[in-house]
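Only this structure's heavy atoms are used, side chains among them; waters, hydrogens and symmetry mates stay out. Every number for a ligand or one of its atoms is a count from 1 in the order of the listing.
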Amino acid sequence: MAGTFACFLPVVVVLETVVNDLILAYFSMEFGIDPAIPTYSGGLGILAGDTLRAAADLGLPAVGVTLLQRKGFFRQHLSSSGEQSESDFEWLPEEHLEQLTPRVQVTLAGKPVWVAAWRYQVKGESGHTVPLYFLDTNLPENTAWDRGLTDYLYGGDERYRFCQEVILGYGGVAMLRTLGHRSVEAYHMNEGHSALMILALLEEQTWGRGLGALKPEEREAVTRHCVFTTHTPLPVGHDVFPVDLVRNVLGDERTDFLADSRCCDEGKFNMTGLALNFSRYVNGVSMRHEEVARSMHSNHRIDAITNGVHAVTWTSPTFQKLYDRFIPQWRRDNLYLKYAIRIPAEEIWRTHNEAKRELLDEVARRTGVRLEPSVLTIGFARRAAEYKRHALFFTDAGRLKSLVREVGPIQVIYGGKAHPRDAAGKAIIRRVFEAAGALREYLSVVYLEEYDITLAKYLCSGVDLWLNTPQKPQEASGTSGMKAALNGVPTLSVLDGWWIEGHIEGVTGWSIGDGWQSAPDTAREVASLYSKLEMVIMPLYYHRPERFARVMRSVIALNGSYFNTQRMIQQYLLNAYLARKSA
Ligand SMILES: *Cc1c(COP(=O)(O)O)cnc(C)c1O
């Protein structure tokens, strides 16, 4: 039905009347949709949540599908030496979600497992809602082990994770059908975790004849509706499972089909391979990531659609008021943020300092540490994964000391959780604590526990500078600098991921290191980081605040207006969801 679209926006609104037909079913293992619902670990989940919010704003007939994760991701505790420990993050779905009555069945190792769903309504600016379905196996009909299958995000062993992915893929498709969604223009896999949905869709085509009897036109009927977004240039980011495990859980016919479809290699089944082989449209999440992904998967066509963040969600209340006053259309149409150039720089500066005060108050509430409002405040908060290099800033303690003595004071606010089994990630947090301790007399550093949506809102809007130091080319996109941009906060970053597109030196922020095409070189990056602070950023902040405020304004106009999910989802509509006729 949607293939007849000539131009999407007005038509989408009209089509809402075809109640159960969907343009988009968005599948993701994690969703960061609400600070009280701990079903996300980082950027992948935040992106999923922001995508649904943008779909709701546009009035798009769409749904999201994920797992309930009753015990959530985990709560993070940090000792005084930066040792991370974890506890379950239990939450009560009935306080936030509506329980639905339909049940569907998924087969695991030859035995049926029942799956129920809970619904969260994502409300758009215009009042349109997009439902997000959380699949749940905690039902009395199931065995104790099966009941726990939707408890932990990225928890358990290989078998646990694989069974979760069967529930997401097979259970998700079955649940959509039971809820009446039969016609879906695009099934979007946000990363490979949900790729088993492809088998479920193919099996529907064969009407019980089984995957061994699949005809080319049936395969084509599925492929033309599948969209796959890959998110990591790191091999460890791609899900692989032993073929023996797959055979045990899914049975011979499906496993043989996966092997025949070239999704298995050296005894391992690769979820990314399945998604790549059966999707009509595949993309990476920035221009640079497209190139890296193409080199990893050379026999596939891979495009780029750069990530965004949901503008209203990530704009602080103080900046929301400012935009409402000067550019009231910005909520409906984020492109109007371009007109931030008409906001007087003093207003930007004043509003920023309000957001900064709110952050510093929150830091004091959480830690008892009172940071100085007049001191240049740097923010760094991301999942504590090794390649993000949280401690790079501390590489040369001598240089930092002289910087502070000779140019001016600095304070730094950190955040970020390491995966419980990621020893290297945990070591990075300890390293920040050690370095900060050694420099205690020179600069204030606080590392906040429990980095989550609530904290990210404070941090990305309240610091003066967003620091980002990934090991290139491993940053697929990165999104927290985009959240900062919506609040006028400039970025100082290695040229990788989104920053290659967002960076204009001295206008939207500053680069660390040379051009993005140059080879990675840690020593040069470190030297560049300090010299940008010393020669450019600190003098600007301390001696030319009116010029710093003008940089803040151009950050909003240039990057806030573009790096948002409203632009992003329109690109998905034009290039992926509605483009199958022309492809
Ligand atoms: C935005 C966000 C992330 C992702 O940040 P990146 O810069 O993309 O790594 C992770 N965690 C939380 C809580 C966030 O809000």
_Tell me the protein heavy atom at minimum distance from atom 13 (C) of ligand 1, and give that distance in Å._
Asp452 C, 3.4 Å
*Only one of Gln164, Met271, Met29 clears side chain to side chain contact (heavy atoms under 4.5 Å, CB included) with His193; which?*
Met29
_Distance filter under 4.0 Å to Gly42 heavy atoms, resulting ligand 1 atoms_ = 10 (C), 11 (N)
*Return yes or no for this condition: an N or O of Trp314 is under 3.5 Å from an N or O of ligand 1.*
no
*For atom 7 (O) of ligand 1, what is the nearest protein heavy atom, given as residue, atom name and distance?*
Ser480 OG, 2.4 Å
*Tell me which protein heavy atom sits closest to atom 12 (C) of ligand 1, plus the residue, atom name and distance to 0.1 Å.*
Tyr451 CE2, 3.5 Å
*asked:* Would Arg382 count as being in polar contact with ligand 1, using the rule that some N or O on each side must be under 3.5 angstrom apart?
replied: yes
*Do any nitrogen or oxygen atoms of Lys483 come within less than 3.5 Å of a nitrogen or oxygen of ligand 1?*
yes
*Using a strict cut-off of 4.0 Å, indicate which atoms of ligand 1 neighbour a heavy atom of Gly478.*
8 (O)
*Proximity to ligand 1 by part of Lys388, non-hydrogen separation under 4.0 Å*: side chain
_Testing the basics here: between Ala54 and Ile569, what is the closest heavy-atom pair and its distance to 0.1 Å?_
CB-CG2, 4.0 Å
_Check ion pair Glu86-Lys426 (N to O, under 4.0 angstrom)_ = yes
*Would a 4.5 Å heavy-atom cut-off, applied to side chains only, mark Tyr26 and Tyr572 as touching?*
no
*Atoms of ligand 1 close to Ala456 [distance to a heavy atom under 4.0 angstrom, numbered from 1]*: 15 (O)
*Looking at Leu492, Leu533, Ile512, which hits side chain to side chain contact (heavy atoms under 4.5 Å, CB included) with Ser528?*
Ile512
*asked:* Exactly one of Arg382, Arg383, Arg288 should register a salt bridge (Lys or Arg N to Asp or Glu O under 4.0 Å) with Glu475. Which one does?
replied: Arg382
*Presence of salt bridge, Arg370 and Asp361, under 4.0 angstrom*: yes
